[in-house]
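Below, all heavy atoms of this structure are taken into account, side chains as well, without hydrogens, waters or symmetry copies. Counting begins at 1 with the first residue of the sequence.
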Amino acid sequence: MIGMLITALLSFILFFILTFIVYWKNRMRRKKIMKTAGGVFIFGFILMFVITYAFMPTITIPNMLILNSIVAILFVPLVYGGAKVPVQYQTMHRSLSGVIVLVTAVLIIGVFVYSIFALQDSHDSIAKSEEAEARPLNEDNTPISVAPESARNKVQKAMSVVPNTQFYDLGKLQAQQVDGDIVYVAPVEFSSFWRYVRGNETEGYFKIAATNINAQPEFVQSKMKYTNSSYFNHNVQRVVYSAHPDHIQSGEAQIEVDDEGKPWYVQTIYKPLFFSNRPDMQEIKVAVVDPVTGEVDTYPASEAPEFIEGSVSSELAATENEYFGKYINGWLNSIFGKKDVKIPNESGTESSVTPIFDEDGAMYYFTDMASPKENIDSALGYTLIDARTGELTYYNGQQNQGIMDSKGAVQIVNKQYPEKNWTGTMPVLYNVDGHPTWIVNVLDPNGLFKQYAYIKAADSDFAVFGDTAKQTLNAYRLQIAQDPSNVEGSQEVDLTEKSGVINRVLVTSTESRQSVQFLLEGDTTIYTVTTSKAPLSIFLKEGDQVDLEARIRENGTGTVETIQIEGISN
């Protein structure tokens, strides 16, 4: 409340200055001017407080200049009219009031111009680095999450377990780690003003595993009075604004759960660059609101309590991507020359970014970057933004050049099952055994999960679909091993010498290649050799004695580099 009173009062600075000039220049009407100005101020202050309470404008120089101009335009004429002060029409520069109005107008224009050129400063404030390739994906990592649309669909169906369920809607899903498990958490929110009046507090939140497509939602009862959908002083955004009226709030507050299962509303806030509303990425903070008491604790984003994964909001991460890509050489370059400009794709699940987790449980926001040139669907690279610090890492190595972007990967999935109207969502680019690979969730029209798609980013015809992440990953790796056109992802694996007797043989033929797969007696490794490398391998049969050199992977596949077949090899 104090923050709103301060904002409303600050919007009358120009009014006070112009009113004082009127008072000073009209000695015969000073009493009338004071009385009128007092009445106008009381009425205007109440009106501006209501407006501030409703819209919560941040205390920044641009906002205060605009608010002061509006207040002066609305209320100064009332002082002139109420006190019957004669208006003297003079050229603007010869009138003190005119000079002040002129200076204010120049300041507003200056703020607008500075805000454009401050885009470069905002870009420079980003903590950023570049790397060539991401670490390879392995089976022990959790490569992908269930698409939020699919998780939300399941939770919606479980809303009937909430007491007085007719009062509530499902709130924003937030990916996070709880007790070592990656889950989606979503609060129940009031569905309308009258529901808020009747209910006064919400019942709790849902959580559902984000890595298990068969998981079912669990409702956790935890009464919350201060929420996103509450009104008046119980609204989370208003609570944060009252504590920090000079900070800009980024996006909607999201719910995060601590180790005891208690929910907290988490709101990203930041101080803008001086003389503009552009974000200073070095001044990111997080306001943590107790939904029971309304108490607000504020921390630098990187120093938030450990249970908070997303102290940097997805909305601010999307802004960071835009500034990083577009304004690397300033605003003018982003319009005319466009040197080194990169445009973030909007295929993400939250504000055009997708939250993902690494093997240590740290959360990042993923976005691929495309060329500003139209009709080009190749990715230039991709970014990962640390969700706790806001630090951005750009991956633009040689293997990421010329690959399809996320929109292209989604289109491949959409064309796979046109008769079923299944669609791709949540595309994320991973390094699978040295190959940039798009991993996409496939959903039906109702948002239910159907399949995973692993798509080789450098070859739109190379796509593998499967029912589980592990099954699809193994099938994808096997197909890569069979494809002679690939620059082998196994080159970093040392050669191993093997010898034995052929137990099973399978020849695979396509328009572009022939490959032979076989098993050795007492060995479960699936060996693959192409006829381009070993033409005589096409004649392999069960019982043949072979000596070979192969690159054997941990997933039980081996790529044969050389092979000697007893009886037919030289």
For this session: Would you check if there is a donor-acceptor pair between the side chains of Asn153 and Glu149 at a distance under 3.5 Å?
Result: no
Exercise. Under 3.5 Å, is there a donor-acceptor pair linking the side chains of Asn63 and Asn277?
Worked result: yes
Exercise. Can you check whether Tyr168 and Phe190 have ring centres sitting under 6.0 Å from each other?
Worked result: yes
Exercise. For Pro187 and Met224, which heavy atoms make the closest approach, and how far apart are they?
Worked result: CB-CE, 4.2 Å
For this session: Of all the heavy-atom pairs spanning Trp264 and Asp258, show the shortest one and how long it is.
Result: NE1-OD2, 3.0 Å
Problem set entry | Asp444/Lys420 ion pair, N-O < 4.0 Å | no
Exercise. When you check the gap from the basic side-chain N to the acidic O, do Glu309 and Arg388 get nearer than 4.0 Å?
Worked result: no
Exercise. With a 3.5 Å cut-off and no angle check, do the side chains of Thr7 and Tyr241 form a donor-acceptor pair?
Worked result: yes
Exercise. Would you call the rings of Tyr196 and Tyr231 parallel, tilted or perpendicular, where under 30° means parallel and over 60° means perpendicular?
Worked result: tilted
Exercise. Got a sec, which residues hit salt bridge (Lys or Arg N to Asp or Glu O under 4.0 Å) with Lys285, two or more places apart in sequence or on another chain?
Worked result: none
Problem set entry | Gln451 and Tyr417 side chains, donor-acceptor separation under 3.5 Å | yes
Seminar exercise, completed: Between Ala409 and Ile455 the two heavy atoms that sit nearest each other are O-CD1, 3.6 Å
For this session: Run the numbers on Tyr184 and Phe206 for ring pair (Phe, Tyr, Trp, His ring centres under 6.0 Å), then give the verdict.
Result: CA-CA 8 Å; Tyr184 286 116; Phe206 282 93; over 10 Å; no
Only distances under 3.5 Å count here; give the side-chain donor-acceptor pairs of residues 323-332 to other protein atoms, sequence neighbours excluded, each with its distance to 0.1 Å.
{"unit_1": "Tyr323", "atom_1": "OH", "unit_2": "Arg278", "atom_2": "NH1", "d": "3.3"}
{"unit_1": "Asn329", "atom_1": "ND2", "unit_2": "Lys339", "atom_2": "O", "d": "3.0"}

Exercise. Looking only at side chains, do Ser250 and Ser313 share a donor and an acceptor under 3.5 Å apart?
Worked result: yes
For this session: Indicate the ring-plane relationship of Phe366 and Trp438, choosing parallel, tilted or perpendicular according to the 30° and 60° boundaries.
Result: perpendicular
For this session: Using side-chain contact (heavy atoms from CB on, under 4.5 Å) as the criterion, list what pairs up with Ser351, not counting sequence neighbours.
Result: Ser314, Glu315, Ala318
Problem set entry | Closest heavy-atom pair and its distance - Tyr226, Thr293 | CE1-C, 3.4 Å
Exercise. So among Val240, Thr268, Val236, which one has a side-chain contact (heavy atoms from CB on, under 4.5 Å) with Gln249?
Worked result: Val240
Exercise. Do Arg238's NZ or CZ and the ring of Tyr53 fall within the cation-pi criteria of under 6.0 Å and 45°?
Worked result: yes
For this session: Would you indicate whether Glu346, at its atom CD, is surrounded by more than 12 heavy atoms from other residues, nucleotides or ligands within a distance under 6.0 Å?
Result: no
